[in-house]
Protein chains: 2
Amino acid sequence: MKRTTIKDLSQYLSLSTSTISRALLNDVHIHPDTKKRVLEAAQKFNYKPNATALSLKYGKTNSIGFVVPEMITPFSAKVLQGVQNILYPLGYKVIILQSDEDPSRERENLLLLETFNVDGIILNLCHETFNQNLYIEIMQRGTPLVFFDRIPATSLDVSKVLVDDHIKASLMVEHLVRIGCRRIAHIMGPATVRNSAERASGYKRILTKHGIFDPELIIKTDGTMFEHGKMAVKKLFDKKIEFDGIFAFTDTEAIGAMNYLLEAGVKVPDEVAVASFSGTELSTNVFPQLSSVEQPLEKMGETAAELVLEKIKDDGAVSKSIVLNAELVYRASTLAKDKLKKQ
Amino acid sequence: MKRTTIKDLSQYLSLSTSTISRALLNDVHIHPDTKKRVLEAAQKFNYKPNATALSLKYGKTNSIGFVVPEMITPFSAKVLQGVQNILYPLGYKVIILQSDEDPSRERENLLLLETFNVDGIILNLCHETFNQNLYIEIMQRGTPLVFFDRIPATSLDVSKVLVDDHIKASLMVEHLVRIGCRRIAHIMGPATVRNSAERASGYKRILTKHGIFDPELIIKTDGTMFEHGKMAVKKLFDKKIEFDGIFAFTDTEAIGAMNYLLEAGVKVPDEVAVASFSGTELSTNVFPQLSSVEQPLEKMGETAAELVLEKIKDDGAVSKSIVLNAELVYRASTLAKDKLKKQ
DNA sequence: TATCTCTTTGGGAACGTTCCCGGATTTTGG
DNA sequence: CCAAAATCCGGGAACGTTCCCAAAGAGATA
């Protein structure tokens with residue numbers, strides 16, 4: 001049950017492969033009758049062009065790689081959605097690889113994509129510097145690389161799409177202060193990505209401004225999942241550090257933290273308000289609903305896809321850094337309160 | 001900055017492409033010195049074999065398609081994880097496409113994968129019968145198809161991996177009865193997939209056995225997301241139907257329902273117990289934690305990948321239906337209670 | 001009628017790789 | 001020392017497609 005090829009058609013119709021090809025490609029140099037015969041035969045035998053052969057001929061595979069630290073949370077899934085919105089209608093396929101927050105796994109993934117001959121790569125990195133040289137090499141070897149969310153050192157000349165972590169974090173922390181929090185803890189992201197530092201610096205700036213900064217309130221984590229949020233709160237409890245608000249690096253961490261609080265009998269937001277930084281629907285699908293910086297994730301994916309297409313079309317295209325706006329949405333987890341004494 | 005090919009190396013070393021190829025492939029018919037020279041040159045110019053050329057030559061692309069109704073919830077992501085556990089080490093790439101619960105989109109996806117020449121397809125369908133003929137055609141044209149979770153009509157001779165929906169649903173509903181629920185609502189899955197009917201029949205069987213079945217308590221939905229769970233509870237409220245337990249088709253629906261209840265001031269599990277059918281980490285990352293039928297999703301993906309590999313190796317391989325076990329895990333959302341009067 | 005142009009078709013190289021086949025050289029065995 | 005065998009290498013086809021080039025035939029023009 002082999003797939004029919006142009007050669008099959010040429011034998012069936014006693015024509016050359018050239019003629020078949022011309023008929024299929026709407027070439028003008030062909031007799032209408034011949035064209036009709038070819039098209040009918042193609043229909044009859046369900047001819048479909050062999051994409052692999054075309055890839056070989058034209059040196060492009062019409063595929064792009066999408067490399068993310070994980071695919072379990074809706075974060076990457078939302079971005080992917082945007083990427084596919086753009087790429088799918090153009091006939092591109094997307095190959096997805098997960099790095100499991102492991103830079104050496106990320107390295108393998110990138111090299112694998114290179115052997116796959118992808119036309120471009122969209123990447124959310126898992127370590128700011130570890131693979132920096134590899135990024136440069138890959139781009140030099142001709143595969144465009146576009147970053148989103150977690151980006152490499154600014155010295156690298158690459159296209160990227162991001163939000164202003166510092167500003168948006170500041171605004172959300174400011175909100176926590178406004179509703180009456182005075183001991184705001186920060187569940188900080190992994191030290192290996194710059195967003196962690198950016199958001200933490202926004203947090204620190206606001207608290208310092210109000211004279212309520214306390215380094216004890218920063219809990220460092222080495223991941224971004226539910227359990228990391230839980231562990232962070234556990235640490236605060238263990239160290240008997242008092243707090244009445246939490247600003248978390250991601251919504252998964254915020255939710256992990258919140259559930260841990262609820263299970264410990266702590267009321268949210270009455271005793272502890274919780275806010276996060278994200279953009280997935282998780283924030284509206286918990287109780288109480290979560291205040292968060294809503295990044296336009298789908299838009300982020302679309303933008304990244306457009307940037308990589310630009311680079312594919314013209315490999316000399318100037319690199320762009322696109323900063324998307326993120327919206328602050330205040331929900332039940334940070335309801336204004338006449339502060340009650342906690343714990 | 002073109003990639004180096006065997007031809008480049010052959011010119012550089014004044015050898016034929018045959019010899020280069022032999023050296024690279026560890027052929028025995030080659031002089032050790034020659035081999036050494038070639039390997040060094042390959043290293044020097046960072047030679048990497050062109051996967052596209054190999055695909056063309058061998059008629060296989062070393063890629064498999066993964067088609068799912070959606071990728072936003074962790075469900076598909078967990079299965080994908082399993083798929084990649086098996087396929088990644090073997091050098092296969094996975095191409096992921098989302099059907100958005102739309103059968104005609106699913107159709108497009110399958111046809112696209114066919115033009116991509118994937119070696120096999122792993123599919124979670126979104127309509128039991130709509131694309132049945134297409135499945136048959138695709139398999140006849142030589143691309144093996146393996147199903148998981150939502151499977152086609154049993155008359156179709158295909159490999160598939162699933163759990164026993166009826167039994168497991170029965171057991172979970174039995175548990176709800178055991179803890180004291182008497183008015184158990186069922187948030188039923190989409191009518192277009194057989195799992196919905198299977199789980200609903202388990203539900204119905206148990207309630208009938210206990211003489212507490214009431215058709216009013218079945219709420220049909222046309223999706224499996226948070227919002228469908230919410231809408232279902234809203235319907236129950238609107239119709240003023242009393243209930244003290246919920247068995248939901250998925251954990252996302254269960255969580256949507258639970259949050260809606262909590263926001264309405266209904267206590268879970270005190271007034272309404274909630275149970276679901278799933279296997280993602282969402283069930284342990286809500287408050288209260290959710291009792292659910294935990295499907296071994298990663299295992300499911302691994303099994304599906306193995307099945308598709310079998311079919312790739314030998315297209316006459318006999319089709320298998322593998323039924324995986326699912327574990328019932330009881331958590332806080334169905335704590336045994338001395339029933340209080342509700343609402 | 002001879003030449004020119006236009007239309008339609010076929011031949012074949014190219015993309016990068018493997019592998020079969022045959023040829024040249026060296027080694028082995030009697 | 002000569003034949004046979006082993007070792008090593010190059011040529012070229014094949015995978016499926018496009019596209020350049022050439023050729024054949026028809027029609028047009030002088």
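Values below: all heavy atoms of this structure, side chains included; hydrogens, waters and symmetry mates excluded. Reminder, nothing fancy here: chain letters follow the sequence lines and each chain counts from 1.
Side chain A:Ser18 to base C:dG11: a donor-acceptor pair is found below 3.5 Å. Between the side chain of B:Arg22 and the base of D:dG10, a donor-acceptor pair under 3.5 Å is found.
Mapping A:Lys7 and A:Lys57 onto DNA chain D by nearest heavy atom places A:Lys7 at the nucleotide closer to the 5' end. Each of B:Ser14 and A:Asn50 lies near DNA chain D, and the nucleotide nearest B:Ser14 is the one positioned closer to the 5' end.
Between the side chain of A:Asn195 and the backbone N or O of A:Asp149, at least one donor-acceptor pair lies under 3.5 Å.
A salt bridge does not link B:Lys44 to B:Glu40: none of the charged side-chain nitrogens sits closer than 4.0 Å to a carboxylate oxygen. Taking 4.0 Å as the cut-off between side-chain N and carboxylate O, B:Glu70 and B:Arg150 do not count as a salt-bridged pair.
When distances are taken from the side chain of B:Tyr47 to each of D:dT18, C:dT17, D:dG16, the shortest belongs to C:dT17. When each of D:dT18, C:dT18, C:dG10 is scored by its nearest atom to the side-chain atoms of A:Thr19, the top-ranked nucleotide is C:dG10.
Contacts with DNA chain C (heavy atom under 4.0 Å) in residues 29-46 of chain B: none are found.
The separation between B:Leu56 atom CG and D:dT18 atom C1' is 13 Å, rounded to whole Å. Between the CG atom of A:Asn26 and the P atom of C:dT8 there is a distance of 15 Å, given to the nearest Å. For the pair B:Lys60 NZ and C:dT17 C1', the computed distance is 16 Å after rounding to whole Å.
Backbone-only contact: A:Thr5 has heavy atoms under 4.0 Å from sugar-phosphate atoms and none from a base.
With hydrogens and angles left out, the side-chain atoms of A:Thr61 and A:Lys93 include no donor and acceptor closer than 3.5 Å. A donor-acceptor contact under 3.5 angstrom links the side chains of A:Lys160 and A:Ser321, judged on distance only.
Listed by first and then second residue, the ring-ring contact (aromatic ring centres under 6.0 Å, His included) pairs involving residues 45-68 of chain A are A:Tyr12-A:Phe45, A:Phe66-A:Phe148 (not counting sequence neighbours).
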